[in-house]
Amino acid sequence: MKESISVLKSEHRSISAVLHALKELARMAHDATARPRFQVLRSMLRYIDEYPEKLHHPKEDEHLFARVAARAPEARALVEDLKAEHVEGERLIRELERALLFMEEGWPVGAREFQQAVEAYAEFHWKHMRKEEQELLPLAEEHLTADDWRKIDAAFDVNRDPIAGMHERDLQALFTRIVSLAPAPVGVGQPWQKTAA
Ligand SMILES: [Fe+2]
Ligand SMILES: [Fe+2]
């Protein structure tokens, strides 16, 4: 497999892992006998906001998608759809943040709305990643030349320059924090505090 493709796929796995974890915690937040630790939910939203935004989408939009659209005219509509989904994803994250704030202020009121927003976002993002892996990447493998791949690999490497690399390390630290704060079955953190009966 091309290096750049395996980088994108492994980033999809990281985003997916946090989406699964977030869905599970949003479900647990319904239990009115244990107060959620909102801090971990905020960290997860920050992760799914920043990882795609700062690290993942720029690689796709600027390097891979642009070249695929240039080489394969039949891929242009798909590329436009995927780029529009990157923009739509940002809007959905803002909605998720609002739903989290609302829940945090009135919990357990707002738990249902938060869970619905999480489900909608996770479904949206999984569909997006599937479309990239099952439709876009095969077209890229079919149409891009060896020289295209060299340039894409080089551009992805620049993405690992000291500043981008620092950002990547921040995100890894954030991921570790999520796992250490989240309760079982998601992470290894303390169970959520039981509320007084
Ligand atoms: Fe994408
Ligand atoms: Fe992607």
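Every heavy atom of this structure was used, including side-chain atoms; hydrogens, water molecules and symmetry mates were not. Counting convention: from 1, in listed order, for ligands and their atoms alike.
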K.L.:
With carbon and hydrogen excluded and only N/O/S kept, which atom of E60 is nearest the Fe ion (ligand 1)?
P.N.:
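E60's closest N, O or S atom to the Fe ion (ligand 1) is named OE1.
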K.L.:
Should the ring pair H125 and H128 be called parallel, tilted or perpendicular, given that the plane angle runs from 0 to 90° and is split at 30 and 60?
P.N.:
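Ring orientation of H125 relative to H128: perpendicular.
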K.L.:
Charged N to carboxylate O under 4.0 angstrom, D148 versus R71?
P.N.:
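Yes, D148 and R71 are salt-bridged.
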K.L.:
Give a rough value, rounded to 10 degrees, for the angle at the Fe ion (ligand 2) between atoms NE2 of H12 and NE2 of H56.
P.N.:
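The two atoms form an angle at the metal of about 90°.
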K.L.:
If I take atom CE from residue M103 and atom CD from residue Q115, how far apart are they, to the nearest 0.5 angstrom?
P.N.:
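The distance works out to 9.5 Å.
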K.L.:
Determine yes or no for a side-chain-to-main-chain donor-acceptor pair under 3.5 angstrom, with T33 supplying the side chain and K194 the backbone.
P.N.:
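Answer holds: no.
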K.L.:
Please find out if the Fe ion (ligand 1) and some N, O or S atom of E85 are separated by less than 2.8 Å.
P.N.:
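Checking E85: none of its N, O or S atoms is under 2.8 Å.
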K.L.:
Is H57 close enough to the Fe ion (ligand 2) that one of its N, O or S atoms comes in under 2.8 Å?
P.N.:
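Here the distance criterion (N, O or S atom, under 2.8 Å) is not met by H57, so no.
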K.L.:
Which is the closest N/O/S atom of E132 when seen from the Fe ion (ligand 1)?
P.N.:
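For E132, the N, O or S atom at the smallest distance from the Fe ion (ligand 1) is OE2.
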K.L.:
In this structure, which one of H63, H12, H86 forms a ring pair (Phe, Tyr, Trp, His ring centres under 6.0 Å) with H57?
P.N.:
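Single pass found, and it is H86.
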K.L.:
Confirm or rule out an N/O/S atom of H128, from backbone or side chain, lying less than 2.8 Å from the Fe ion (ligand 1).
P.N.:
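Checking H128: at least one N, O or S atom is under 2.8 Å.
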K.L.:
Return yes when at least one N/O/S atom of H86 is nearer than 2.8 Å to the Fe ion (ligand 1), and no when none is.
P.N.:
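Short answer: yes, at least one N, O or S atom is under the cut-off.
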K.L.:
With distance as the sole test, does W126 use its side chain to make a donor-acceptor pair with the main-chain N or O of L19 at under 3.5 Å?
P.N.:
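No; judged by distance alone, with no hydrogens or angles, the pair does not exist.
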